[in-house]
Amino acid sequence: MKSVLMVAEKPSLAASLAGILSNGRCTAKRGNNGCSTHEWTGPFRNEGNVHFRMTSVCGHVMSLDFISKYTSWDKVDPVQLFDCPTEKKECNPKQQMRSFLAHEARGCDYLVLWLDCDKEGENICFEVMDAVQHVIHNVYSTFVTYRAHFSAITDKDIKGAMESLGHPNKNEAKSVDARQELDLRIGCAFTRFQTKFFQGRYGDLDSSLISYGPCQTPTLGFCVKRHDDIQLFKPETFWYLQLVAGQPEVTLEWARGRVFKKNIAIMLLNRVKEHKEATVESVSSKESFKSKPQALNTVELMRICSSGLGIGPFQAMQIAERLYTQGYISYPRTETNQYPENFDLHAVLRLLQPSGDFGDEARAISSDFQTPRKGKDAGDHPPITPMKLGHRNDFDRDTWRVYEFICRHFMGTISRDLKYRTTTAKLKVGLETFTCTANVLLDAGFTKVMTWQAFGKDEAMPPFVQGTQVPITDVRLAESQTGPPDYLTEAELITLMEQHGIGTDASIPVHINNICQRNYVKIETGRKLIPTTLGIVLVHGYQKIDPELVLPTMRSEVERMLTLIAKGSADFNDVLRHAIKIFKLKFVYFVQNIASMDMLFESSFSPLAESGKAHSRCGKCRRYMKYIQTKPARLYCSHCEDNYTLPNGNVKVYREFKCPLDDFGLLAFSTGVKGRSFAFCPYCYNHPPFRDMPKFGGCNTCTHPTCPHSLNTLGISSCVECETGVLVLDSTLSPTWKLGCNRCDVIINCFKGATKITVEENKCSECGAQLVNVVYKSDKSKFKDGSEEKSGCVFCSSEFAHLVEKHRAVASRQVRSGGPSRGGGGGAAGPGAGNARGGRHGGRPPKDKMAQLAAYFV
DNA sequence: GCAAGGTC
């Protein structure tokens, strides 16, 4: 018996297709990459019975990238990315999709491709064929490989597709290859160039990546456009007449709406004032409808989640994905908003009826079932509908809200339209016309279940009778101003993206998420998108250099060229070469004129030279803080609007270290090689986290139990001179090392050139100081026996004696007792070992470190 | 460290 391999785009679809094609009689076996294989026996074309094996991929198998030589941002000029070689790599090497497919293809004579019926699906067809070409004989032959064309996952459609198999479309697949290559080259070239150009110039750019992309940049463009409209808006004053008449009194609307010239308004007012009565010219009423919704597709789901539920599209899709994998809703990524012909709407309605939350509505609708509206059938997946009844307690709050919305929306689509009556009265005063309208609800229709769209209160109207006179109670001139538009809402942005073909249902939330994460826009209350300074400056910069770079039409122009490839009317290589040439020219021009964008950056951000080298991140918002060197020296976080006082002296960023308490980037303070130095957290320095830590203290006064920079971890012994200080290892200047007192100016330089020094748990049996472990590079060892590593006591170990010197910090205040006798006057003489041990020379022995710490806690 | 497109 012959065998047929069939491949779908995702595991869930493979299962559905196998179920339909085998009439529910297939076996299933789960692969270790999440893809299942289903098997059964049945007839195939004119082969009689064959063995079917149906499996799937997980979206694309391959993705495009530059060859490894061009991955370096430092060694490669971005302009090279327009011509350099690319290669296809497996999207997810861990999945081993290619070898999985090859394995499943063993022994198969035919290949039937069930990928989604769009260009991406066509492209994946060829990825699958490539993966199995060495296993299935003649896989590129039209007698071996077939393509199923289906537009809905229904019995009829799927079995029909099996009866009329076609062939994969090479041109459509190639158009996707071209799109991938263009996006890669253009996006990466611009992104690398911009990032490298601006990153090194400004200290307070709050994004580590200044990205450009053919979808994300126009998306940002929409947000900035609205911002500019608001900024450029000039309010205009206008005037209008308000007429009060009738019994009960109503304020009527002026048919002219408003006028922008005051003297004209006054003239018209005076003419009206000549009359004491208004004439009822007509009273008419008509029935109006508000249509029930169309079946739900992805974009509409995202829009309503954002505008109605306050859940962003990215999160909404994550929730929808989870609801789908748990079987509560149908596949959530679809453009189609029309139910398939034989879709069993009643079955869905039946499963909702037992619900305690909307079961009443479900039952009411089932006895008053209405045919749903027609919409668009994109041929991908059926609309999003409930598949299983869920209960409030099954989900977290937002998941329930999304699920409940999907259920209620479904019921809305098979409800009646909302019906209301509008009554309009037209009153005439001289030549001026005034109207009064009142709406009265006749049938709530779908709003009974979609309660958030409910009709407002019924409106009343005085009993105006045509042809009669009505006394005018009052007429006055009102003044008002035109207002600016509001910022773009997320729902509006989604609509704009959809209209301009920016992104797809699956990628729209990703693009919006991107421009938020890159700090180009912020989402404020009401899910409005407010562009940041960075976002505004970027878009304005493009507009100065090459406005096309930010126009949504740029994407559609590329898509138009790609369609030529897909239709077979243009050659793949010609189109690609042409498009790359254009964008390379644009890129070169952009690079040449980057100064005009830089001017905008200059006026919005602080050049790095001015803001000093020390710029560390704020622990609250993770943005870089401004280093203000003018006294008093401080760090300023412009986002949080907080200031942090700094010690006077040299302040540098202390590598990548962060304070474990507040996430602020650690800094290193020093007054020179021979002066004091310590690590500190700018937040703790101003707001000590522990009672025993002094204000304006460094990490060497912090009693955090585990932080690798704290007094607890790096303390060695009590100070050899002052009463309360502790000598703490300072590694901020390594490979220069010192023990510094955290209270006075005592400094013990030691172990110069060591690569690593760690403070050990154990104490010296003689003086009680913590032991240290010192490591030198093998060829740089300073130990007399040449060994690389030794543990011992800084004060007592003879092997350490020649590596430890003691002196007082230079250019600092006099310490209390002083005395040149101590420790041989700061020379290299026996590191105060004498005073540390004996105390006979007036010094005290170093106390037990933990006892010292305990004293701190009191 | 980069794009956009699938899907999980």
Side-chain angles (χ1 to χ4, degrees), chain A residues 7-14 31 33-36 56-66 70-76 78 80-82 84 86 88 90-92 94-95 97 115-128 173 175-199 207-219 298 317-326 331-334 380-381 497 501-515 517-518 549 554-555 558-559 562 583 587:
Chain A
V7 183
E9 191 154 322
K10 43 196 160 278
S12 62
L13 206 52
N33 59 0
C35 296
S36 300
S56 76
V57 289
C58 260
H60 274 289
V61 180
M62 310 298 285
S63 71
L64 193 69
D65 206 347
F66 304 114
Y70 292 87
T71 47
S72 164
W73 288 47
D74 295 316
K75 293 181 193 134
V76 178
Q80 292 181 274
L81 300 179
F82 285 96
C84 75
T86 57
K88 290 207 171 193
E90 270 201 71
C91 280
N92 188 344
K94 276 194 202 139
Q95 272 187 333
M97 193 54 78
L115 290 123
D116 292 359
C117 292
D118 51 25
K119 286 195 255 178
E120 298 293 334
E122 226 56 47
N123 187 269
I124 304 175
C125 283
F126 286 85
E127 295 181 341
V128 172
S175 80
V176 170
D177 282 337
R179 199 259 311 141
Q180 290 177 345
E181 195 173 326
L182 282 173
D183 287 347
L184 177 73
R185 293 190 189 280
I186 299 166
C188 297
F190 277 89
T191 300
R192 285 191 195 178
F193 169 70
Q194 292 183 161
T195 303
K196 284 195 69 79
F197 184 85
F198 290 115
Q199 219 175 30
S207 179
S208 56
L209 200 65
I210 317 283
S211 57
Y212 176 88
C215 286
Q216 55 171 274
T217 303
T219 303
T298 306
M317 289 313 291
Q318 283 179 333
I319 290 174
E321 186 74 43
R322 219 167 37 238
L323 284 169
Y324 162 66
T325 51
Q326 292 171 3
Y331 190 68
R333 281 191 289 275
T334 177
D380 46 2
H381 297 273
M497 293 175 76
I502 306 283
T504 65
D505 49 4
S507 70
I508 282 175
V510 180
H511 298 312
I512 298 180
N513 204 42
N514 270 344
I515 59 171
Q517 291 209 324
R518 303 275 154 83
L549 290 175
M554 208 191 56
R555 183 69 181 174
V558 171
E559 293 278 358
L562 296 176
F583 279 100
F587 177 77

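Proteins come first, then strands; the chains are lettered A, B, ... in the order of their sequence lines, and each starts at number 1.
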* Taking only residues two or more places apart in sequence, or in another chain, which ones meet A/Ser211 in a side-chain contact (heavy atoms from CB on, under 4.5 Å)? -> A/Thr191, A/Gln216, A/Arg518, A/Tyr520
Donor-acceptor pair, side chain of [X] and main chain of [Y], under 3.5 angstrom:
X	Y	answer
A/Glu127	A/His60	no
A/Asn33	A/Cys35	yes
A/Tyr212	A/Leu549	yes

* Asked: Base, sugar-phosphate, or nothing: which does A/Gln199 touch, judged by heavy atoms less than 4.0 Å apart?
  -> base
* **Electrostatic pair A/Arg179:A/Glu559 at N-O distance under 4.0 angstrom** => no
* Structure fact -> Protein heavy-atom contacts under 4.0 Å, written 5' to 3' over nucleotides 2-7 of chain B as B (base), S (sugar-phosphate only) or - (none), form the string BBBBBB
